[in-house]
*Asks:* 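Below: one structure in structure tokens.
Quick note on labels: first sequence line is chain A, next is B, and so on, each numbered from 1. Scope of the values below: all heavy atoms of this structure, side chains included, with no hydrogens, waters or symmetry mates.
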Amino acid sequence: MKLYNTLSRTKEEFVPIEPGKVRMYSCGPTVYNFFHIGNARPFIVFDTLRRYLEYRGYSVKFVQNFTDIDDRMIQFSRNEGLTLKEFADRYIAEYWKDAEGLGIHPATVHPRATESIPEIIALIETLVAKGHAYEIDGDVYFSTRSFDGYGKLSHYNLEELESGARIDVDERKRDAVDFALWKAQKPDEPAWDSPWGMGRPGWHIECSAMANQHLGETIDIHSGGLDLIFPHHENEIAQSEAASGEPFARYWLHNGFININNEKMSKSLNNFFTVRDIVQKYDYEVIRFFMLSAHYRSPINFSDDLLEAARNGLDRLYECRDNLRFLLEKAVDIPETLSETGLEANSAAVLENTVSFASDTTNIVETSDFSVYRERFIAVMDDDVNTADGVAVLFDLVRDINTRIAESRKQASTESGTVSPKVLKKALEILMELSSVLGLLAREGDALAVEVEALITQRQTARKEKNWAESDRIRDKLKEMGIELQDTPQGVKWSAGPAK
RNA sequence: GGUGCCAUAGCCAAGUGGUAAGGCCAGGGUCUGCAAAACCCUCAUCCCCCAGUUCAAAUCUGGGUGGCACCUCCA
């Protein structure tokens, strides 16, 4: 498998430190609000990477933190009259709702910064002891120039950074490029005791400390958004490697940004959407599908039209799954002897309510194998997690399945040949196998089903009696309930759609 | 100023040396009591422009044009 490594700016063959095992860390959200779609992209794509690695047989230990202490956390919790913990708890709970909806599996560990204060302090102490950090008035700064490799991830050099600095430099720092590891307490701020007095950790140090705490000194994959390359990830490398003397992470993966209606998403333009906003109109899975239909490193645009197109595309996938399930359900009704011999397939009594299925040996499509799609899927996903191609493989599979079913129906009138349950089952299995790697087709129906089935039975009775008025009345009624019917040769198929 | 990225059909989007995937939209057809939905088929002689390398380029090289991002808390 190849992964694009920001360190080398090339695709590299992925080789984990320990065969069969992958340790990965991804920067999680600062929990001061619902997360927005820009946050959602790394969550979704790196969840997909994690799923894929597991699919390929790796045992993955995945750590994603919650940043629950920073300026915004302090300010917003205060505005709400909540303690820092109460405030964090609230938005972590909201995170889980959205994450679950988006099909993001929980990481192996979700550490909170405030629960790793001892580890953070220990790491800072090590850096001070090794001469990579210094204390001034209760603040502790990292001495950037003391770390030789600084800039190797972002490919910036210190001179450029210094000349390009656009912010006011804290005069107390020895060097403009130094950054805070520990911040002394200001009045009324939450604080923890430390060798430098009461204070709180800086942002960058928490990830170094938690990654080390849960994954060890060197991890396989570290990921996050493009904008984290500098300074966040660059600083993480400096802190971790200055302390341990070992490489921090071997593969650095960064996802591209999301634009809104072709404009940069930003607070100042007031054009950012939370996931919670979007799901008012589109299902969670539409968002996931949309994100995965482009390569994770490409910038993507976000708009209503694009989401609508994604919804329609995803529906096609669901249609195939539901159709296969429907046909399989009908197939179960066939007496075993019939499907064994295929001889009585023309029996009117059987055709009445069930699908006719020929024996496995009499059908040409029987010999076909869907494993070619699995091979193609793996080949494209092995190439830097090309989910856009992965989705394309899914659609090719769907067309293949649909075509076989359609053609066998045509044959059915003359030769009673239709796709056998065995093939349908195989098709459904491969469809679900590949979809689940992408975290798609996870949606299931609800309790509405019983009521709907009853109405459909009533309508079928009316149709049998050629009571079209009654039949249409029931169909309209179902339509009002959001249920659409399809009269197929195998019976009535229904779907609760188009959803969102 | 520094560092990168991108430019493929009406829209979205893969493909990075061997003769243009996939999705949406649109058009045609099949199925059906009617219908809806669904399904199938069709839909880029060509990949921003110019020059070059090559038997062969959307893909490599040089130049140009246009768009974007990071360098500042931000996924």
Side-chain angles (χ1 to χ4, degrees), chain A residues 6 9 11 26-30 35-46 67 70-72 151 154-157 159-168 203 223-232 234 254-259 262-268 272 289-290 293-295 297-301 303 305-317 319-320 322-323 326 376 380 383 386-399 401-403 405-407 409-410 463 466-468 471-472 475-476 478-479 484-489 493-495 497-498:
Chain A
T6 306
R9 290 180 172 167
K11 282 184 197 174
S26 203
C27 293
T30 301
F35 64 82
H36 57 69
I37 53 170
N39 298 299
R41 170 118 100 146
F43 299 159
I44 290 168
V45 300
F46 298 122
T67 296
D70 83 332
D71 291 342
R72 291 165 299 181
S154 58
H155 302 91
Y156 295 147
N157 67 57
E159 285 62 39
E160 289 164 357
L161 286 171
E162 204 150 11
S163 62
R166 279 188 263 157
I167 46 166
D168 294 334
W203 175 41
S223 55
L226 204 63
D227 57 328
L228 294 184
I229 293 173
F230 189 90
H232 187 55
E234 195 68 64
H254 295 95
N255 62 276
F257 264 28
I258 289 176
N259 293 323
N262 294 311
E263 280 187 314
K264 176 185 159 71
M265 182 170 75
S266 76
K267 305 270 156 92
S268 55
F272 69 97
F289 176 81
F290 173 72
S293 61
H295 185 88
R297 285 191 285 116
S298 305
I300 52 175
N301 195 221
S303 74
D305 287 350
L306 263 14
L307 243 23
E308 180 125 358
R311 199 242 336 261
N312 292 343
L314 181 61
D315 280 351
R316 180 171 159 83
L317 259 29
E319 195 65 40
C320 183
D322 293 346
N323 192 230
F326 171 77
R376 280 179 57 197
V380 299
D383 184 13
N386 195 333
T387 57
D389 272 343
V391 168
V393 171
L394 236 39
F395 278 108
D396 282 342
L397 203 214
V398 165
R399 183 164 52 223
I401 292 170
N402 288 338
T403 301
I405 292 172
E407 288 187 351
R409 272 178 183 163
K410 279 182 188 166
R463 291 183 75 210
K466 297 201 190 300
N467 185 351
W468 308 129
S471 158
D472 290 350
R475 183 168 61 194
D476 290 343
L478 282 163
K479 187 158 190 167
E484 295 193 339
L485 301 185
Q486 295 174 45
D487 293 332
T488 77
K493 186 170 175 299
W494 65 276
S495 56

*Asks:* If you assign each of A:H36 and A:V391 to its closest nucleotide in RNA chain B, which residue comes earlier from the 5' end?
*Replies:*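 It is A:V391, whose closest nucleotide lies nearer the 5' terminus.
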*Asks:* Considering every strand shown, what is the Watson-Crick or G-U wobble mate of B:A38 when both distances are under 3.5 Å?
*Replies:*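 In the structure as shown, B:A38 has B:U30 as its Watson-Crick or wobble partner.
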*Asks:* Working note: A:C27 + A:H232, criterion side-chain contact (heavy atoms from CB on, under 4.5 Å); need CA distance, chi angles, decisive distance, verdict.
*Replies:* CA-CA 10 Å; A:C27 293; A:H232 187 55; 3.6 Å; yes
*Asks:* For the side chain of A:H36 and the backbone of A:N39, is there at least one donor-acceptor N/O pair under 3.5 Å apart?
*Replies:*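 Judged by distance alone, yes, a pair lies under 3.5 Å.
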*Asks:* Quick one: look up who B:U72 pairs with, Watson-Crick or G-U, both distances under 3.5 Å, and put none if it's unpaired.
*Replies:*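 Its partner: none found.
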*Asks:* Could you measure between the two C1' atoms, the one in B:U42 and the one in B:C25, and give it in whole Å?
*Replies:*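 Between the two C1' atoms, the distance is 14 Å.
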*Asks:* Give me the distance, rounded to whole Å, that separates B:A57 from B:G15 when you measure between the C1' atoms they each carry.
*Replies:*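 B:A57 and B:G15 have their C1' atoms separated by 13 Å.
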*Asks:* Can you tell me, in whole Å, how much space there is between the C1' of B:C48 and that of B:A7?
*Replies:*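 The same atom, C1', in both gives a distance of 6 Å.
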*Asks:* Identify whether any heavy atom of A:G225 sits under 4.0 Å from a base atom; if not, whether one sits that close to sugar-phosphate; answer base, sugar-phosphate or nothing.
*Replies:*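 Sugar-phosphate contact only.
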*Asks:* Rounding to an integer number of angstrom, what distance separates B:C11 and B:C43 when you compare their C1' atoms?
*Replies:*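 Pairwise C1' distance, B:C11 against B:C43, rounds to 14 Å.
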*Asks:* State, to 0.1 Å, how close A:H155 and A:T6 come at their nearest heavy-atom pair, and which atoms those are.
*Replies:*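 Scanning both residues completely, I find the closest heavy atoms to be CE1-O, 3.3 Å.
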*Asks:* Expressed in whole Å, how much space separates the C1' atoms belonging to B:C41 and B:U8?
*Replies:*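 Going atom to atom, C1' in each nucleotide, I get 24 Å.
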*Asks:* What distance, rounded to whole Å, do you find between the two P atoms, one in B:C50 and one in B:U59?
*Replies:*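 Comparing P positions in B:C50 and B:U59 gives a spacing of 12 Å.
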*Asks:* Please tell me if the side chains of A:D383 and A:V380 come closer than 4.5 Å, counting only heavy atoms from C-beta onward.
*Replies:*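 Of all side-chain heavy-atom pairs linking A:V380 with A:D383, none is under 4.5 Å.
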*Asks:* Both A:R41 and A:A310 contact RNA chain B. Taking the nearest nucleotide for each, which residue is further toward the 5' end?
*Replies:*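 Of the two residues, A:A310 wins.
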*Asks:* Taking CG from A:L228 and C1' from B:C70, how many angstroms apart are they, rounded to a whole number?
*Replies:*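 So the two atoms are 11 Å apart, to the nearest Å.
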*Asks:* A:F230 has an atom CZ; how far is it from atom P of B:C70, in whole Å?
*Replies:*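 Roughly 14 Å, once rounded to whole Å.
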*Asks:* What does the B/S/- profile of nucleotides 4-20 of chain B look like, 5' to 3', with a 4.0 Å heavy-atom cutoff to protein?
*Replies:* S-------SSSS-----
*Asks:* Whole Å only: how far is the CG atom of A:L307 from the P atom of B:C24?
*Replies:*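 Rounding to the nearest Å, CG of A:L307 and P of B:C24 are 15 Å apart.
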*Asks:* For a quick check of understanding: with a heavy-atom distance under 4.0 Å over all strands, which category does A:F257 fall into, base, sugar-phosphate or nothing?
*Replies:*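 Contact class for A:F257: base.
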*Asks:* Could you check which nucleotide pairs with B:G18 in any of the strands shown, counting Watson-Crick or G-U wobble with both distances under 3.5 Å?
*Replies:*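 Across any shown strand, B:G18 pairs with B:C55.
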*Asks:* I need the CG-P distance between A:L394 and B:C24, as an integer number of Å.
*Replies:*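 Atom CG in A:L394 sits about 13 Å away from atom P in B:C24.
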*Asks:* Using a 4.0 Å heavy-atom cut-off across all strands, classify A:D396 as base, sugar-phosphate, or nothing.
*Replies:*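 Result for A:D396 = sugar-phosphate.
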*Asks:* Assess whether a salt bridge exists between A:E319 and A:R316, defined as any Lys/Arg side-chain N lying under 4.0 Å from an Asp/Glu carboxylate O.
*Replies:*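 A salt bridge is absent here (no side-chain N lies under 4.0 Å from a carboxylate O).
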*Asks:* Do A:T387 and A:V45 touch side chain to side chain, with heavy atoms closer than 4.5 Å?
*Replies:*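 A:T387 vs A:V45: side chains apart.
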*Asks:* Using a 4.0 Å heavy-atom cut-off, write out nucleotides 28-40 of chain B from 5' to 3' as B (base contacted by protein), S (sugar-phosphate only) or - (no contact).
*Replies:* -----BBBBBSSS
*Asks:* Given 3.5 Å as the limit, does a donor-acceptor pair link the side chain of A:Q486 with the main chain of A:K493, or not?
*Replies:*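 Flag not set: sc A:Q486 to bb A:K493 has no pair under 3.5 Å.
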*Asks:* Under 4.0 angstrom, heavy atoms only, what part of the nucleic acid is A:I258 near: base, sugar-phosphate, or nothing?
*Replies:*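 Touches a base.
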*Asks:* Grab the CD-P distance between A:E234 and B:C73 for me, whole Å please.
*Replies:*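 The distance from CD of A:E234 to P of B:C73 comes to 14 Å, rounded to the nearest Å.
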*Asks:* Determine which nucleotide pairs with B:G66, using a 3.5 Å limit on both distances of a Watson-Crick or G-U wobble pair.
*Replies:*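 Paired with B:G66, as far as the under-3.5 Å criterion goes, is B:C6.
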*Asks:* Taking atom P of B:G67 as reference, at what distance in whole Å does atom NZ of A:K264 sit?
*Replies:*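 Rounded to whole Å, this separation is 18 Å.
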*Asks:* Side chain of A:N301, backbone of A:N259: donor and acceptor closer than 3.5 Å?
*Replies:*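 Yes.
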*Asks:* Assign A:A309 to base, sugar-phosphate, or nothing according to its heavy-atom contacts below 4.0 angstrom with the strands shown.
*Replies:*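 Answer is sugar-phosphate: A:A309 comes under 4.0 Å of backbone atoms only.
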*Asks:* Expressed as a whole number of Å, how far does the C1' atom of B:U72 sit from that of B:A44?
*Replies:*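 B:U72 and B:A44 have their C1' atoms separated by 43 Å.
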*Asks:* I'd like the P distance from B:G18 over to B:U3, given in whole Å.
*Replies:*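 Nearest-Å result for B:U3 against B:G18 at atom P: 32 Å.
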*Asks:* A:D305: what forms a salt bridge (Lys or Arg N to Asp or Glu O under 4.0 Å) with it, not counting sequence neighbours?
*Replies:*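 With sequence neighbours excluded, A:D305 shows a salt bridge (Lys or Arg N to Asp or Glu O under 4.0 Å) to no residue whatsoever.
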*Asks:* Find out whether A:I405 and A:N323 are in side-chain contact, i.e. whether some heavy atom of one side chain is under 4.5 Å from a heavy atom of the other.
*Replies:*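 A:I405 vs A:N323: side chains touch.
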*Asks:* In this structure, how many angstroms lie between the P atom of B:C24 and the CZ atom of A:R311, rounded?
*Replies:*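 So the two atoms are 12 Å apart, to the nearest Å.
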*Asks:* Once you round it to whole Å, what is the distance between C1' of B:G22 and CD1 of A:I401?
*Replies:*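 Those two atoms, CD1 and C1', are 16 Å apart.
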*Asks:* Determine, for A:D396 against A:R399, whether the closest basic-nitrogen to carboxylate-oxygen distance falls under 4.0 angstrom.
*Replies:*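 A salt bridge is present here (some side-chain N lies under 4.0 Å from a carboxylate O).
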